[in-house]
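Below is one structure; the comments refer to it alone.
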Amino acid sequence: MAAIWCVFRNYAAHAVEIGGDITPRPLFFLKPMSAIVQADAEGQADFGLPDPHDEIHHEIEMVLRLGADLRPESVCIGNDITNRTRQSEAKAKGWPWTEGKSFRESAILGTWADWEDVEYVLQLSVNGELRQHASTALMIHDIDTQLSTLCDWYALSPGDLVFTGTPEGVGEMVEGDVVEAALHTVDGRLVSILHSRIV
């Protein structure tokens with residue numbers, strides 16, 4: 001069965017905005033398969049919030065799907081939904097972060113495309129307001145480093161997904177918001193889209 005691996009603080013500006021440190025090697029957390037909401041062919045993937053009273057944040061990421069050789073086979077834009085209220089409580093009390101990061105419908109996936117080993121640009125807007133925009137060239141731990149770490153420490157499988165980190169600009173979402181995201185090559189070619197409404 002496939003796993004969902006999510007790298008921890010892989011963009012320096014995001015680490016700064018949440019008051020976190022930068023790790024000397026890639027660190028990962030996991031999401032269950034029940035977290036996935038897969039977009040349709042037009043990129044539509046509506047989702048709900050676990051608790052409308054909690055503060056829920058978007059975190060746009062490039063997501064890889066591994067092939068039989070455990071190398072990237074496909075790529076899409078993804079939204080790592082974070083319950084910041086539950087995560088902050090867990091941090092303060094030294095509890096696991098599972099409740100804040102791995103709940104149902106917390107891994108929203110856009111349309112898939114064949115992987116190319118090039119520089120990509122991620123962007124996300126909420127209700128038409130641009131919130132996140134960055135190049136994958138800004139990643140602290142590149143793709144090869146992430147995958148070699150996963151292979152050294154864990155047993156990867158074909159079909160595993162790797163969320164490769166979010167850049168700065170994470171922010172709150174509420175019911176009724178329209179969240180749109182895209183992945184482009186650095187020369188502007190559209191690779192993956194994600195259109196979401198929070199229901």
Side-chain angles (χ1 to χ4, degrees), residues 4-18 20 22 26 31 35-49 55-65 72-84 87 101 105-143 145-146 161-199:
I4 306 169
W5 306 93
C6 304
V7 73
F8 177 81
R9 295 180 190 158
N10 201 29
Y11 287 78
H14 172 60
V16 170
E17 76 178 345
I18 63 170
I22 295 171
K31 289 178 180 278
I36 290 178
V37 176
Q38 176 62 63
D40 63 20
E42 284 72 48
Q44 190 68 38
D46 295 344
F47 62 95
L49 302 180
E55 183 177 350
I56 310 297
H57 282 197
H58 57 77
E59 295 190 9
I60 199 66
E61 307 200 15
M62 180 176 72
V63 183
L64 310 177
R65 184 165 56 204
E73 177 181 71
S74 306
V75 63
C76 78
I77 197 70
N79 196 351
D80 169 21
I81 310 298
T82 300
N83 187 317
R84 201 67 76 193
Q87 184 191 41
K101 297 294 289 187
E105 298 189 0
S106 63
I108 319 302
L109 302 175
T111 55
W112 288 95
D114 291 339
W115 165 252
E116 300 175 70
D117 189 9
V118 298
E119 182 180 347
Y120 291 91
V121 175
L122 309 82
Q123 67 180 51
L124 177 142
S125 64
V126 178
N127 301 325
E129 173 195 359
L130 184 64
R131 297 260 187 101
Q132 293 185 270
H133 185 273
S135 164
T136 56
L138 297 174
M139 289 193 298
I140 298 165
H141 307 295
D142 63 20
I143 299 303
T145 303
Q146 291 181 55
L161 304 181
V162 182
F163 278 69
T164 60
T166 192
E168 66 179 320
V170 302
E172 189 172 7
M173 307 176 297
V174 298
E175 285 186 6
D177 279 351
V178 175
V179 183
E180 298 181 292
L183 184 71
H184 296 83
T185 57
V186 72
D187 61 3
R189 179 165 46 86
L190 182 62
V191 174
S192 175
I193 55 173
L194 177 58
H195 305 293
S196 302
R197 183 178 298 275
I198 302 175
V199 296

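When a residue number appears, it is its place in the shown sequence, counting from 1.
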Dump the intermediate steps for side chain to side chain contact (heavy atoms under 4.5 Å, CB included) on D177 and E172, then the final yes or no.
CA-CA 10 Å; D177 279 351; E172 189 172 7; over 6 Å; no
For V174 and I198: C-alpha separation, side-chain torsions, deciding distance, then whether side chain to side chain contact (heavy atoms under 4.5 Å, CB included) applies.
CA-CA 7 Å; V174 298; I198 302 175; over 6 Å; no
Should V118 and V186 be marked as a side chain to side chain contact (heavy atoms under 4.5 Å, CB included) after you check the CA-CA gap, both sets of side-chain angles, and the distance that decides it?
CA-CA 8 Å; V118 298; V186 72; over 6 Å; no
What's the verdict on side chain to side chain contact (heavy atoms under 4.5 Å, CB included) for N79 and F163, showing C-alpha distance, side-chain angles and the deciding distance?
CA-CA 9 Å; N79 196 351; F163 278 69; over 6 Å; no
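With values rounded to the nearest 0.5 angstrom, I36 atom CD1 is found 14.5 Å from F47 atom CZ. The structure places NE2 of H58 at 13.5 Å from CD1 of I108, a figure rounded to the nearest 0.5 Å. D117 contributes atom CG, which lies 9.5 Å from atom CG of D142 (distance to the nearest 0.5 angstrom). To the nearest 0.5 Å, the span separating CD on E61 from SG on C76 amounts to 10.5 Å. Atom OH of Y120 is separated from atom NE2 of H184 by 12.5 Å, given to the nearest 0.5 angstrom. Between atom CD of residue E180 and atom CZ of residue R197 there is a gap of 9.5 Å, rounded to the nearest 0.5 Å.
Under the 3.5 Å distance criterion, the side-chain polar atoms of K31 are left unmatched by any main-chain donor or acceptor of A107. Without hydrogens or angle criteria, D46 side chain to S196 main chain gives no donor-acceptor distance under 3.5 Å. With hydrogens and angles ignored, the 3.5 Å screen pairs a side-chain donor or acceptor of S192 with a backbone N or O of T111. Using a distance-only test at 3.5 Å, with no hydrogens or angles considered, a donor-acceptor pair links the side chain of T164 to the main chain of M62. Under a 3.5 Å cut-off, the side chain of N83 and the backbone N or O of I56 do not form any donor-acceptor pair.
Scanning both residues, P72 and I143, for their nearest heavy atoms gives CG-CG2, 4.1 Å. The shortest heavy-atom contact between V170 and R84 is CG2-NH2, 3.7 Å. In terms of heavy atoms, Q146 sits closest to V162 at OE1-CG1, 3.9 Å. The two residues S74 and W112 make their nearest non-hydrogen contact at CB-CE3, 3.5 Å. Scanning both residues, E105 and I81, for their nearest heavy atoms gives O-CG1, 4.0 Å. Residue A181 comes nearest to I77 through the heavy atom pair CB-CG1, 4.0 Å, listed as atom of the first residue, atom of the second, then distance.
Within the 4.5 Å cutoff, no side-chain heavy atoms of P26 are placed close to those of N10. Side-chain contact between R9 and I22: absent, with no pair of heavy atoms (C-beta onward) separated by less than 4.5 Å. Inter-residue side-chain proximity for V191 and W115 is flagged as unmet; no heavy-atom pair is nearer than 4.5 Å.
Under the side-chain hydrogen bond (donor to acceptor under 3.5 Å, both in side chains) rule, T82 has a single partner from H57, E55, K101, which is K101. When L161, V37, I4 are each tested for a side-chain contact (heavy atoms from CB on, under 4.5 Å) with L109, only one passes: L161.
Defined by atom type and a distance below 3.5 Å, a donor-acceptor pair is missing between the side-chain atoms of H195 and Q44. Defined by atom type and a distance below 3.5 Å, a donor-acceptor pair is present between the side-chain atoms of T166 and Q132.
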